[in-house]
Chemist: 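My questions will all concern the structure given below.
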2 protein chains.
Amino acid sequence: MTTLKELAKLLNISVSTVSKALNDSHEISEQTKKRVNELAAKLNYKPNRIAQQLKTNKTKTIGVILPTVTNPFFAEVLHGIETAATKHDYDILVCLSDELLSKEKRSLELLSNGSVDGFIIAVARESQVRSEFKHFARVLENRIPILLFDRVIQDIECDKVIVNDFQSVYEATKFLIEKEERSNILLISNIEELSVGKLRIKGYNKVIEEHGLQSNVLKLGNVENVEEEVFRYLNDHPKIDAVISIDHITGIVAINMAKKLGRLVPEDLSVIGFGYDKTPMLSSPRISIIHQKAFDIGQQSMKTLLDSFKSEDHQFMTLVIPSELKLEESTVN
Amino acid sequence: MTTLKELAKLLNISVSTVSKALNDSHEISEQTKKRVNELAAKLNYKPNRIAQQLKTNKTKTIGVILPTVTNPFFAEVLHGIETAATKHDYDILVCLSDELLSKEKRSLELLSNGSVDGFIIAVARESQVRSEFKHFARVLENRIPILLFDRVIQDIECDKVIVNDFQSVYEATKFLIEKEERSNILLISNIEELSVGKLRIKGYNKVIEEHGLQSNVLKLGNVENVEEEVFRYLNDHPKIDAVISIDHITGIVAINMAKKLGRLVPEDLSVIGFGYDKTPMLSSPRISIIHQKAFDIGQQSMKTLLDSFKSEDHQFMTLVIPSELKLEESTVN
DNA sequence: TTGTAAGCGTTATCAA
DNA sequence: TTGATAACGCTTACAA
């Protein structure tokens with residue numbers, strides 16, 4: 001790699017002159033600028049970023065710690081994060097916690113050594129289940145900003161970007177009751193331990209209660225044989241006339257199992273799940289979804305974090321990105 | 001952030017003594033080591049990585065440029081890459097090209113300034129379609145190693161990790177003909193412009209030819225209304241008795257559309273698609289897939305690249321990670 | 001208009 | 001056993 005020193009030597013001028021010339025300083029004559037730029041171009045000179053980082057004490061890099069990236073929600077969030085980062089000339093260091101506290105902790109510690117200017121994080125499942133958040137607090141004490149999204153922590157004071165989990169499920173359930181005229185609504189979940197899962201279930205229960213209906217919640221945890229469990233439940237409970245799934249998998253499974261049982265969708269059973277752009281295409285009939293604007297969540301997270309760098313005494317904020325009920329005529333009437 | 005200098009000042013010893021003590025040098029007395037380590041722990045000292053990078057001229061960071069991460073294949077590859085990186089104490093800077101030549105070029109150039117020790121890349125669709133690869137050559141000239149995976153380039157000399165695209169489709173098609181006794185096999189594709197798509201189609205055509213059958217290829221490009229197109233094709237061609245999809249979407253769509261047309265799967269129509277771990281669960285009946293070991297591809301890519309750093313005169317290699325035909329009794333007989 | 005020198009936080013060489 | 005110093009590549013005050 002070509003350095004300033006090398007250019008200076010070849011041109012028989014000083015390093016600082018070269019530096020200034022490349023930065024188009026008014027102190028330098030046009031002629032020198034031209035000579036310098038030409039040689040730099042010829043030798044494909046690029047200022048060494050590490051040196052710049054050391055000098056300016058800014059890395060222009062954000063550490064992104066995600067629980068997983070095979071879940072399409074987080075994949076799309078990452079897309080949004082990357083897009084916003086690129087737009088503002090930042091890079092992202094990506095770590096996956098695999099939902100494990102230990103990995104999350106390790107990544108956080110390893111990157112808290114000047115590697116990044118800040119973090120964007122969705123908390124690992126294990127950390128949430130065990131309510132173990134000290135590692136976040138420690139980073140904040142070190143004055144490295146953190147932005148939490150989706151799975152956030154009440155007690156940690158920092159910027160947050162969340163989804164209207166409670167509200168969206170509340171409204172979807174209400175829709176099933178009032179517009180679809182359903183009264184035996186099953187909620188299926190494989191994320192009930194997560195903060196977002198709890199909120200979604202609360203949203204469901206609230207409406208159910210308001211309408212004096214019976215609450216039916218099928219908690220699947222992280223089991224392998226989701227299909228079998230759903231099949232059995234639907235088989236054992238023939239009165240169920242609507243399903244609301246609070247993740248992006250089990251809604252599709254419910255449609256498939258209902259059909260296997262000879263139930264007509266949407267005539268016998270209305271189905272609403274969670275999902276993203278391509279989710280509806282994966283089931284037949286196309287599933288109605290509570291569409292989480294994952295890309296926006298990612299973009300806004302990055303934007304909010306970068307904005308916070310600018311203002312001096314920054315006030316922490318919590319941004320809510322509302323989900324959108326996307327109905328398909330095929331799964332609701 | 002605490003620095004060596006600060007520690008030195010507080011302890012009234014020199015910076016170099018502190019440095020050596022922290023690195024457990026034999027030159028330093030146990031007593032000093034103890035004092036230093038205790039204070040360092042207390043102040044949560046971490047050696048500044050940027051400074052280390054500048055000093056050693058190694059970033060321990062790999063640039064990863066992916067076309068997209070919402071495609072589950074690339075998401076899972078990324079997972080493998082990250083896992084291997086963490087294992088070897090490397091970080092990854094992730095850039096998404098969004099399948100665009102311009103973004104790919106930009107990321108490559110921006111990171112070729114000492115930000116990374118090497119690259120792992122899957123070529124963007126546009127770069128492949130336009131056969132524009134100069135930007136890769138330029139990076140290699142700068143002596144920054146590149147490892148290409150999945151979508152590789154013949155003319156670029158570097159390490160490569162690929163899938164047996166030709167072979168896997170050849171064998172799957174052969175299976176449909178010989179074991180399933182199908183003779184009107186439709187290949188559906190939405191990736192025919194890609195190198196991997198071309199190879200897969202070749203694999204199909206080879207068997208078709210060997211058996212003197214008719215080649216039926218439905219190219220969808222990147223259209224929106226995939227479902228409609230597939231529906232129409234199946235409707236217009238009632239003789240089709242098997243489908244092989246060379247991506248992870250259209251196979252599921254084919255199952256759904258066939259059912260909509262009243263065709264029985266697998267009795268009337270055998271279906272094999274491409275996919276990953278959770279793909280079969282998304283269709284009913286569960287779809288048989290050519291299972292790409294995306295996680296392994298990611299891991300091996302990282303491992304191969306890091307290995308290449310060690311040996312001096314490294315010989316480029318091309319690693320093939322064979323896909324596995326994963327049959328489900330529900331979509332083949 | 002150009003050059004000198006200090007400094008960012010480390011590590012490593014050499015001297016004390 | 002400890003310390004002074006130079007160096008990595010860059011930027012920037014200050015001097016010439």
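Lettering of chains follows the sequences in order, A, B, ..., and the numbering in each one begins at 1. The figures here come from the full heavy-atom set of this structure, side chains too, leaving out hydrogens, waters and symmetry mates.
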Chemist: Please compare Ala51(B) and Glu27(B) by the position of their nearest nucleotide in DNA chain C and report the one closer to 5'.
Modeler: Ala51(B)
Chemist: Hey, does the side-chain of Lys55(B) have a donor or acceptor N/O within less than 3.5 Å of a partner on the base of dA7(D)?
Modeler: yes
Chemist: Just to be sure I understand the rule, does Ile13(B) reach a base, reach only the sugar-phosphate, or reach nothing, if contact means heavy atoms closer than 4.0 Å?
Modeler: sugar-phosphate
Chemist: Here's a test of your reading of the structure: between Asn23(A) and Lys33(B), which maps to the more 5' nucleotide of DNA chain D?
Modeler: Lys33(B)
Chemist: For Asn48(A), which contact category applies under a 4.0 Å heavy-atom criterion: base, sugar-phosphate, or nothing?
Modeler: sugar-phosphate
Chemist: Send over the distance from Gln53(A) CD to dT10(C) P, rounded to a whole Å.
Modeler: 15 Å
Chemist: How many whole angstroms separate atom CD1 of Ile28(B) from atom C1' of dA12(C)?
Modeler: 13 Å
Chemist: Hey, does the side-chain of Ser14(B) have a donor or acceptor N/O within less than 3.5 Å of a partner on the base of dA4(D)?
Modeler: no
Chemist: Given dG9(D), is OP1 or OP2 found less than 4.0 Å from the side-chain N or O atoms of Tyr45(A)?
Modeler: no
Chemist: Does a side-chain N or O from Thr32(A) land closer than 4.0 Å to OP1 or OP2 of dT1(C), or not?
Modeler: no
Chemist: Closer than 4.0 Å, any side-chain N/O of Ser19(A) to the OP1 or OP2 of dT11(D)?
Modeler: yes
Chemist: Expressed as a whole number of angstroms, how long is the span from His26(A):NE2 to dT2(C):P?
Modeler: 13 Å
Chemist: For dT2(C), does either OP1 or OP2 sit under 4.0 Å from a side-chain N or O belonging to Ser29(A)?
Modeler: yes
Chemist: Where does the angle between the aromatic ring planes of Phe309(B) and Tyr90(B) fall among parallel (under 30°), tilted (30 to 60°) and perpendicular (over 60°)?
Modeler: tilted
Chemist: Using heavy atoms to find the nearest nucleotide of DNA chain D for Lys20(A) and Thr2(A) separately, return the residue whose nucleotide is more 5′.
Modeler: Thr2(A)
Chemist: dC8(C) P sits how many Å from Leu4(A) CG, rounded?
Modeler: 19 Å
Chemist: Mind checking the CG-CZ spacing from Leu305(B) to Phe119(B)? Nearest 0.5 Å is all I need.
Modeler: 10.5 Å
Chemist: So, under a plain 3.5 Å distance rule, would you say the side chain of Thr3(A) forms a donor-acceptor pair with the base of dG9(D)?
Modeler: no
Chemist: Atom CD1 of Ile162(A) and atom CG of Leu319(A): how far apart are they, to the nearest 0.5 Å?
Modeler: 9.0 Å
Chemist: Expressed as a whole number of angstroms, how long is the span from Lys34(A):NZ to dT1(C):P?
Modeler: 17 Å
Chemist: Just wondering, are more than 12 heavy atoms of other shown residues or ligands nearer than 6.0 Å to NZ in Lys303(B)?
Modeler: no
Chemist: Hey, does the side chain of Gln52(A) come within less than 4.0 Å of dG9(D)'s phosphate (OP1/OP2), counting only N and O?
Modeler: no
Chemist: Nearest heavy-atom pair of Arg49(A) and Ser115(B): which atoms, and what distance?
Modeler: NE-OG, 2.8 Å
Chemist: May I have the distance from Lys9(B) (atom NZ) to dG3(D) (atom C1'), rounded to whole angstrom?
Modeler: 17 Å
Chemist: What integer distance in Å separates Met1(A):CE from dC8(D):C1'?
Modeler: 12 Å
Chemist: Taking only side-chain N and O atoms of Lys5(A), does any of them lie within less than 4.0 angstrom of OP1 or OP2 on dC8(D)?
Modeler: yes
Chemist: To the nearest 0.5 Å, what is the distance between CG on Leu108(B) and NE2 on His135(B)?
Modeler: 6.0 Å
Chemist: If I take atom CG in residue Leu54(A) and atom P in nucleotide dT11(D), what distance separates them, rounded to the nearest angstrom?
Modeler: 12 Å
Chemist: Strictly below 4.0 Å: does Thr17(A) bring a side-chain N or O up to OP1 or OP2 of dG3(C)?
Modeler: yes
